[in-house]
> 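I am attaching a structure below and will ask some questions about it afterwards.
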Amino acid sequence: MNWNLSGRLVDCCSCNLACPCAFGPGEPDRGWCSGSLTSDIEEGHSGGVSLSGKRVIWAVDLPKDFASGDGTARLYIGDSATSEQRRELEAIFMGKRGGPWELVAAGIVSNWLPTRVLPIAIRIDKQIEIEAGDVGRVRLAPLIAAAGDPVKIVNPPGFAPFGIGEIQVAYSSGSGWWDSEMRRWEGTPHGWGSVSRFSWSA
């Protein structure tokens with residue numbers, strides 16, 4: 001079944017700026033890594049099912065770094081999705097429908113927790129705020145250079161599996177995750193975050 005998704009990806013993790021995993025294998029600040037990838041889907045479909053306007057958070061807890069794998073992961077799907085849309089989104093983001101998420105899931109995740117459906121609110125202004133029900137929060141302040149241009153990293157190796165060649169770097173302050181079945185973590189005032197554009201298909 002063919003699918004395609006495009007939109008905005010918001011990355012946030014427990015490490016300080018800059019996240020070593022963005023540049024390849026590296027030692028996380030705390031010896032372990034927990035983070036979330038929020039996909040704000042602007043346009044998309046899977047087969048005959050429209051996925052435009054849906055939101056999915058892929059949260060993972062790793063005993064070491066991203067490249068070492070052996071992670072425990074859970075999907076959170078926004079509660080505006082129908083049962084049909086949830087079925088398609090779950091299959092895509094768990095890597096069951098090919099594309100970049102198949103590679104990521106196979107290399108990173110050893111244990112999947114049951115998918116949860118909850119409200120996912122996203123507010124984007126000068127800052128980015130994401131509220132995932134009562135389990136998580138992302139607060140990012142994108143870095144801006146003195147000339148007013150966004151600070152970007154081109155071709156970050158850690159984002160290559162997602163087919164993403166450019167990310168805008170952001171400070172994460174006030175972010176954290178509190179799912180009782182995953183590692184609880186709260187970020188520092190100089191935590192890592194990034195924003196990018198994605199276009200995925202299979």
> On a heavy-atom basis, which atom in A73 and which in V109 lie closest, and how many Å separate them?
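That closest heavy-atom pairing would be CB-CG2, 3.8 Å.
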> Between L75 and L89, does the side chain to side chain contact (heavy atoms under 4.5 Å, CB included) criterion hold? Intermediate values first, please.
CA-CA 9 Å; L75 293 180; L89 290 167; over 6 Å; no
> According to a hydrophobic-cluster definition based on side-chain heavy atoms being under 4.5 Å apart (Ile, Leu, Val, Met, Phe, Trp, Tyr only), do Y171 and I122 belong together?
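In one cluster: no.
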> Looking at side-chain heavy atoms only, is the closest gap between D65 and S68 below 4.5 Å?
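Side-chain contact under 4.5 Å: yes.
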> For the residue pair P28 and K64, what are the closest heavy atoms and their distance?
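It is CG-O, 3.4 Å.
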> Treating Q127 as the side-chain partner and P142 as the backbone partner, does any N or O pair qualify as donor plus acceptor under 3.5 Å?
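No, the answer is negative, given that no donor and acceptor are paired below the 3.5 Å cut-off.
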> Walk me through whether W101 and F93 qualify under ring pair (Phe, Tyr, Trp, His ring centres under 6.0 Å).
CA-CA 6 Å; W101 287 98; F93 284 90; 5.0 Å; yes
> State whether W32 and R183 meet the cation-pi test: NZ (Lys) or CZ (Arg) under 6.0 Å from the six-membered ring centroid, and within 45° of the perpendicular axis.
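Positive - R183 is close enough to the ring of W32 and near enough to its axis.
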> Looking at every non-hydrogen atom in both residues, tell me the closest pair between G44 and S52 and how far apart they are.
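Smallest interatomic distance, heavy atoms only, reads N-OG, 3.1 Å.
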> Hey, are the side chains of S34 and C13 touching, using non-hydrogen atoms and a 4.5 Å cut-off?
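A side-chain contact under 4.5 Å is absent here.
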> What I want to check is whether the side chains of T72 and D61 have a donor and an acceptor closer together than 3.5 Å.
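Distance-only check fails for T72 and D61.
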> Salt bridge between R97 and E88, side-chain N to carboxylate O under 4.0 Å?
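A salt bridge is present here (some side-chain N lies under 4.0 Å from a carboxylate O).
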> What is the distance from atom CG of D40 to atom CG of L5, rounded to the nearest 0.5 Å?
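With rounding to 0.5 Å, CG (D40) is 11.5 Å from CG (L5).
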> Looking at R30 and S14, would you say the former's side chain and the latter's main chain have a donor-acceptor pair under 3.5 Å?
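Yes.
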> Hey, quick one: are V104 and F198 part of the same hydrophobic cluster, counting side-chain heavy atoms closer than 4.5 Å, chains of contacts allowed?
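Same hydrophobic cluster.
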> Would you confirm whether R123, through its side chain, and I130, through its main-chain N or O, come within 3.5 Å as a donor-acceptor pair?
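Checked: no pair found.
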> Check whether W58 and V195 end up in the same hydrophobic cluster, where Ile, Leu, Val, Met, Phe, Trp and Tyr are linked by side-chain heavy atoms less than 4.5 Å apart.
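No, no single cluster joins them.
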> Using every non-hydrogen atom in the two residues, find where G165 and P156 come nearest and quote the distance to one decimal.
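Nearest pair, atom of G165 first, then P156: O-CD, 3.8 Å.
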> Give a yes or no on whether the backbone of V49 and the side-chain of S46 come within a donor-acceptor separation of less than 3.5 Å.
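No, S46 side chain to V49 backbone: no donor-acceptor pair under 3.5 Å.
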> Output the distance between atom NE2 (H190) and atom SG (C15), rounded to the nearest 0.5 Å.
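Here the rounded value is 15.0 Å.
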> If you measure from the Lys or Arg side-chain nitrogens to the Asp or Glu carboxylate oxygens, is any gap between K96 and E102 under 4.0 Å?
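No salt bridge links K96 with E102.
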> Is the shortest heavy-atom distance from the side chain of L9 to the side chain of L37 under 4.5 Å?
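They are in side-chain contact.
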> Mind checking whether W177 and L17 sit in one hydrophobic cluster, side chains of I, L, V, M, F, W, Y counted as touching below 4.5 Å?
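They do not share one cluster, since no chain of ILVMFWY contacts under 4.5 Å joins W177 to L17.
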> Distance-only, no hydrogens or angles: does the S172 side chain make a donor-acceptor pair with backbone N or O of C12 under 3.5 Å?
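Answer holds: no.
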> Could you give me the CA-CA distance, side-chain angles and deciding distance for L113 and E181, then say whether side chain to side chain contact (heavy atoms under 4.5 Å, CB included) is met?
CA-CA 8 Å; L113 298 176; E181 295 183 89; 4.0 Å; yes
> With side-chain hydrogen bond (donor to acceptor under 3.5 Å, both in side chains) as the criterion, how do N16 and T188 come out once you've worked through the C-alpha distance, each side chain's angles and the decisive distance to 0.1 Å?
CA-CA 7 Å; N16 290 321; T188 70; 2.4 Å; yes
> I want to check something: taking the side chain as every heavy atom from C-beta on, are K152 and I167 in contact at a cut-off of under 4.5 Å?
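Heavy-atom side-chain distance check fails, nothing below 4.5 Å.
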> In terms of the angle between their ring planes, are F162 and W200 parallel, tilted or perpendicular, with boundaries placed at 30° and 60°?
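Ring orientation, 0 to 90° scale: tilted.
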> Can you confirm whether more than 12 heavy atoms, excluding those of N2, are under 6.0 Å from its CG atom?
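Atom CG in N2 is not crowded, with 12 or fewer foreign heavy atoms closer than 6.0 Å.
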> Does F66 reach the side chain of C33, with side-chain heavy atoms less than 4.5 Å apart?
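SC-SC contact between F66 and C33 ruled out.
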> Measuring from atom OG of S173 to atom CD of E186, what distance do you get when rounded to the nearest 0.5 angstrom?
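Interatomic distance, S173 OG to E186 CD, rounded to 0.5 Å: 11.0 Å.
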> To the closest 0.5 Å, what do you measure between CZ (R55) and CZ (R8)?
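Atom-to-atom, R55:CZ and R8:CZ are 9.5 Å apart.
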> Under a single-linkage definition using a 4.5 Å side-chain heavy-atom cutoff for Ile, Leu, Val, Met, Phe, Trp and Tyr, are I164 and I128 assigned to the same hydrophobic cluster?
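No.
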> Do T115 and E90 pair up side chain to side chain, a donor and an acceptor below 3.5 Å, judged on atom types alone?
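Short answer, yes.
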> Would you say V117 and Y76 make side-chain contact, with heavy atoms under 4.5 Å?
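No, too far: nothing below the 4.5 Å cut-off.
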> Mind checking whether V135 and R116 have side chains closer than 4.5 Å, heavy atoms only?
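They are in side-chain contact.
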> Can you check whether Q168 reaches I144 side chain to side chain, under 4.5 Å on heavy atoms?
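SC-SC contact between Q168 and I144 confirmed.
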> Take D70 and L62 through the test side chain to side chain contact (heavy atoms under 4.5 Å, CB included) and record every step on the way to the result.
CA-CA 6 Å; D70 198 23; L62 298 152; over 6 Å; no
> Let me confirm one number: the CD1-CZ distance from I57 to R74, rounded to the nearest 0.5 Å.
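The distance works out to 12.0 Å.
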> Would you tell me whether D11 and W192 have side-chain atoms, one donor and one acceptor, within less than 3.5 Å of each other?
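A donor-acceptor contact under 3.5 Å links the two side chains.
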> State whether the side chain of S39 and the backbone N or O of I41 hold a donor-acceptor pair below 3.5 Å, judged by distance alone.
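Here the side-chain-to-backbone pair does not exist.
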> At what distance, to the nearest 0.5 angstrom, does CG of L118 lie from CD1 of I77?
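Answer for the CG-CD1 pair, L118 versus I77, is 9.5 Å.
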> With a 3.5 Å distance limit and no angle check, can you tell me whether S175 reaches the backbone of R139 through a side-chain donor-acceptor pair?
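Between the backbone of R139 and the side chain of S175 there is a qualifying donor-acceptor contact (under 3.5 Å).
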> Take K54 and E43, measure what salt bridge (Lys or Arg N to Asp or Glu O under 4.0 Å) needs, and give me the verdict at the end.
CA-CA 9 Å; K54 301 302 133 186; E43 294 185 8; over 6 Å; no
> For residues A18 and F23, report the shortest heavy-atom separation together with the two atoms involved.
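Minimum heavy-atom contact is CB-CE1, 3.9 Å.
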